[in-house]
Amino acid sequence: MFIKTKALFLILQKHLLSKWGRVLLAQAGIMIGVWAISLTSSLSLGLSDKIVTAINSQPSSREISIYKSEKGDTNFFQVSGPPKFVFISKQEIQNLTNTVSGIDSVSPTATLGTFTKKPSTPSDYNCVDKSIAINHTPVTNPSNPTSVDTQQIPANPEDKKIFSENCYEFRFSSSSYQAYFDNHRTKLIGSQNRPQIGEISICYKCGDLNLNQKIGVNSPSEMIGKNITIDVNQTPGYLPTGSVYDTASRQGTTKTITKSNPITLKIVSVVDDSQANNNPFATGGQFIAYLDFSYYENAIKQFDPSVDLNKIGYISADIAVTSYDKLDNAINQLQGQKYLTLSATQFLISGVKTLFTVLTYFLAGFGLIVLISSIFGIINVMTISVLERRKEIGIIKSLGGNDNDIFIIFLLESIFLGIVGWLFGILLALGTGKIISAVVISLINSNPEWKGNLATFNINEFTPVFPWQLLAITFGLAVFFTSISGLIPSIRASKQNIVEVLRSE
Amino acid sequence: MAILITAKNLKKSYGKGKNTVHALGPIDFTVVEGSFTIILGKSGSGKSTLLNLLSGLDSPTDGTLVVAGESLNKLKSGKLAKYRAKIGLIFQFYNLLPNLSTLENVMISSWLKGISVSKQDATSLLKQFGLEHRINSNIKTLSGGEKQRVAICRSLINKPAILFCDEPTGALDTANGQIVKDILVKLNKEGMTIVMVTHNEEFIPMADKIITMKDGIIESMNTQISK
Ligand SMILES: Nc1ncnc2c1ncn2[C@@H]1O[C@H](COP(=O)(O)OP(=O)(O)OP(=O)(O)O)[C@@H](O)[C@H]1O
Ligand SMILES: [Mg+2]
């Protein structure tokens with residue numbers, strides 16, 4: 001068997017070498033088809049690769065938010081109807097550090113908060129009497145900020161009015177992210193640590209609050225070390241552990257605090273939001289102020305001194321994994337523990353991947369059409385080859401070769417055309433891909449504005465990628481199409497009558 | 001001596017219906033092992049048709065044909081290919097494989113039969129036929145006489161039981177025809193059974209049996225005891 005194969009390959013090899021010009025012509029269709037498929041796919045895969053890496057490189061890519069669905073859903077796409085969430089205890093959230101691998105930090109959500117310009121509820125809430133204005137006097141006793149006197153409230157009614165307009169309160173947001181702060185801390189001016197008790201991280205301008213003017217500073221760095229006195233007017237969203245929160249009714253989780261309890265905090269870090277597009281936190285909702293988690297709990301205590309902090313639950317928790325590559329595994333483990341997970345990164349990346357997969361298939365479809373039309377070319381070439389080699393077929397048969405041997409020689413010949421076409425197609429795609437990426441890069445570099453914009457996303461170094469799957473699929477397609485094209489001519493070759501073909505001179 | 005070939009009521013026709021050409025038969029004859037048989041006859045008398053049947057290149061339309069114990073009239077194409085692998089065949093126009101060298105032509109003939117052959121064996125065979133200087137030449141560059149000697153080597157490489165030749169000297173000049181003739185006579189002396197179609201009268205004295213064909217049938221058949 002092996003010896004015979006050696007003979008068939010020798011015949012094939014010598015034939016192909018003697019007819020290499022025609023081989024080159026015959027494989028052209030396959031080459032162009034493979035080229036089209038692999039170039040378009042590699043470009044689109046390369047681009048999606050870059051976008052995915054760009055997303056990964058964002059610090060927030062390490063974040064997962066978890067919820068506990070009443071029905072035990074683990075994926076947001078499974079949730080039918082308005083979700084109902086079970087409040088999770090702080091203990092349970094902290095335990096995740098031990099039960100899920102790759103975790104960097106866990107925290108109940110909500111240590112960020114927003115200022116409200118004019119207290120809306122209750123309507124008789126008197127800012128002048130009960131709330132505290134921004135003030136920038138030095139803290140006399142930092143270890144006990146609440147003892148700071150808040151006697152800036154003017155006695156004069158005219159002054160009172162002015163003061164009232166400058167009166168701000170602090171409201172805990174139930175949808176803010178601790179991990180988000182962590183991920184953006186490098187963009188802070190001042191300390192990059194999470195604020196401790198007595199400290200606050202705050203916006204420089206804070207939108208229409210114009211906080212910097214009220215404090216009387218002209219740059220973010222000047223604001224560091226200044227004090228600000230605030231009053232909490234709303235508890236964060238909380239319910240006892242285990243209770244169910246119906247997102248449809250959206251009631252009963254936050255409570256209004258009517259009793260004033262002003263606190264003075266030292267500004268330790270500032271977000272420069274003086275330019276609208278300058279705020280690194282802008283994409284994550286409004287960053288207004290960030291303070292120690294204990295203030296969150298204190299706010300609850302302030303509303304109801306009898307509450308047992310160990311028994312209150314949280315609607316969600318923020319989890320940060322140590323690096324992006326741990327994300328999928330952590331999500332799987334969390335879902336295994338029946339948590340409903342939400343990862344913007346995973347969502348975004350899977351979206352990008354789906355988009356580009358669809359695009360790749362669409363583009364590859366054109367290449368496929370070229371491949372299919374190349375069938376006719378191969379059939380032609382193979383038929384000519386059979387006719388030309390009739391005598392050779394007769395000789396091989398007269399020496400003891402059978403129909404199968406002839407069939408194999410011709411089928412191998414057409415498959416060889418496929419392999420050559422594939423190889424050239426891939427090489428061509430590699431070459432043209434390189435050229436295209438070089439052109440794109442030089443185009444980007446020629447325009448400083450584009451260059452700057454794309455640099456933020458690391459997309460200026462885009463190159464086409466050729467994963468082994470692409471190589472395997474195109475190889476399979478090329479060989480498939482050439483072998484079905486070669487089938488009929490090969491059968492025809494094998495059925496040649498020896499006497500007749502040997503008579504032909 | 002043992003009978004190697006038996007043909008009984010052997011017929012071959014080409015085409016169907018009105019277009020049927022009765023190229024051969026009915027004919028009956030036998031060939032003895034180790035003998036030298038030559039087939040004579042005018043052009044179109046059916047000599048090649050007969051030889052094609054004997055060498056398994058074609059199947060008879062009717063009758064029985066037994067060669068070396070194989071009933072060729074019953075064999076299907078696959079078995080017939082196996083039969084062809086056991087015999088030697090020499091054609092008027094050599095029928096060597098293009099693109100291959102002299103040595104490759106000889107070796108591939110063996111490989112196609114599924115038999116391995118050493119380069120030394122093939123080379124020494126070619127040397128015996130005075131082709132040592134042409135071993136690696138492309139077959140296209142050889143002269144007619146050289147080509148026919150390569151074809152003889154090719155047919156001998158697997159030591160066939162019987163050698164069929166269709167006008168082996170027909171395309172050669174006198175000198176080269178003489179060389180080929182001497183080779184075949186020598187092979188027969190060494191015990192090879194040979195059946196040969198020829199127009200070359202010089203072979204007549206060498207033959208054990210002379211079959212003369214006319215219009216597809218045997219016109220005369222002479223057995224020569226002394227040669
Ligand atoms: N494939 C075929 N189809 C139809 N007729 C054929 C075929 N092969 C041979 N014949 C016919 O059969 C007859 C015998 O042919 P064959 O080739 O055996 O003659 P030959 O004796 O070998 O002649 P030559 O000396 O010219 O080689 C001829 O009439 C020929 O035309
Ligand atoms: Mg003839």
Side-chain angles (χ1 to χ4, degrees), chain A residues 1-23 384-413 416 490-505, chain B residues 12 14-15 23-24 48-53 55-59 75-101 103-117 138-140 151 154-155 157-158 160 164 166 171:
Chain A
M1 194 62 223
F2 168 72
I3 298 162
K4 210 162 187 177
T5 315
K6 199 159 79 174
L8 303 186
F9 270 101
L10 181 64
I11 292 166
L12 181 64
Q13 180 204 334
K14 295 287 176 169
H15 165 72
L16 293 172
L17 283 175
S18 74
K19 292 277 189 262
W20 61 269
R22 190 175 26 192
V23 168
I384 293 168
S385 182
V386 171
L387 289 175
E388 272 188 0
R389 298 169 71 195
R390 290 174 77 202
K391 187 118 192 193
E392 205 179 323
I393 294 169
I395 297 168
I396 294 165
K397 280 190 167 184
S398 78
L399 294 174
N402 57 35
D403 293 3
N404 277 346
D405 299 334
I406 304 295
F407 176 76
I408 287 168
I409 290 176
F410 281 86
L411 194 65
L412 284 178
E413 181 179 336
F416 178 80
S490 302
I491 290 172
R492 211 174 133 180
S494 72
K495 295 285 173 237
Q496 297 286 321
N497 178 289
I498 312 174
V499 175
E500 252 164 70
V501 295
L502 285 181
R503 270 157 59 101
S504 63
E505 187 51 46
Chain B
K12 179 70 189 177
Y14 296 105
L24 188 75
S48 292
T49 305
L50 175 59
L51 205 73
N52 290 342
L53 295 181
S55 55
L57 297 181
D58 214 346
S59 294
L75 295 186
K76 293 261 154 50
S77 89
K79 285 264 171 69
L80 213 52
K82 279 199 177 123
Y83 164 77
R84 288 196 296 270
K86 289 193 283 194
I87 56 137
L89 250 176
I90 297 164
F91 304 90
Q92 180 178 0
F93 294 106
Y94 333 117
N95 283 343
L96 295 165
L97 285 167
N99 310 322
L100 267 64
S101 72
L103 185 68
E104 283 167 341
N105 253 289
V106 173
M107 294 184 75
I108 206 163
S109 161
S110 179
W111 293 347
L112 280 170
K113 297 168 171 71
I115 302 164
S116 73
V117 63
N138 186 310
I139 211 74
K140 282 180 211 152
R154 179 178 71 177
S155 67
I157 186 73
N158 298 120
F164 295 105
D166 195 346

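Throughout, a chain's letter reflects where its sequence line sits, starting with A, and its residues are numbered from 1. Worth knowing before you read on, the calculation uses all heavy atoms, side chains too, and leaves out hydrogens, waters and symmetry mates.
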Side chain to side chain contact (heavy atoms under 4.5 Å, CB included) between A:Ile396 and B:Leu112, worked out: CA-CA 8 Å; A:Ile396 294 165; B:Leu112 280 170; 3.9 Å; yes
Reported OG-to-CD1 distance for the pair B:Ser110 and A:Ile3, which is rounded to 0.5 angstrom: 7.5 Å
Euclidean distance, B:Trp111 CH2 relative to A:Phe2 CZ, rounded to 0.5 Å: 9.0 Å
Contact residues of residues 81-91 of chain B (partner chain A; heavy-atom separation under 4.5 angstrom): B:Ala81, B:Arg84, B:Ala85, B:Leu89, B:Phe91
Residue A:Asn497 versus chain B: region with a heavy atom under 4.5 Å: side chain
Interface moiety of B:Ser77 toward chain A, non-hydrogen atoms closer than 4.5 Å: side chain
Region of B:Leu80 that comes under 4.5 Å of a non-hydrogen atom in chain A: neither
Salt bridge (charged side-chain N to carboxylate O under 4.0 Å, His left out) involving B:Lys12 - partner list, sequence neighbours excluded: B:Asp58
Part of residues 12-23 of chain A lying next to chain B, heavy-atom separation under 4.5 Å: A:Lys14, A:His15, A:Ser18
Check against side chain to side chain contact (heavy atoms under 4.5 Å, CB included), A:Leu10 and B:Met107: CA-CA 11 Å; A:Leu10 181 64; B:Met107 294 184 75; over 6 Å; no
Pairwise side-chain contact, B:Ile108 with A:Ile11, heavy-atom cut-off 4.5 Å (strictly under): yes
Interface residue of largest heavy-atom contact number with chain B, from A:Ile395, A:Ile498, A:Asn402, under 4.5 Å: A:Ile395
Set of residues satisfying side chain to side chain donor-acceptor pair (under 3.5 Å) with respect to A:Asp405, sequence neighbours excluded: A:Lys4
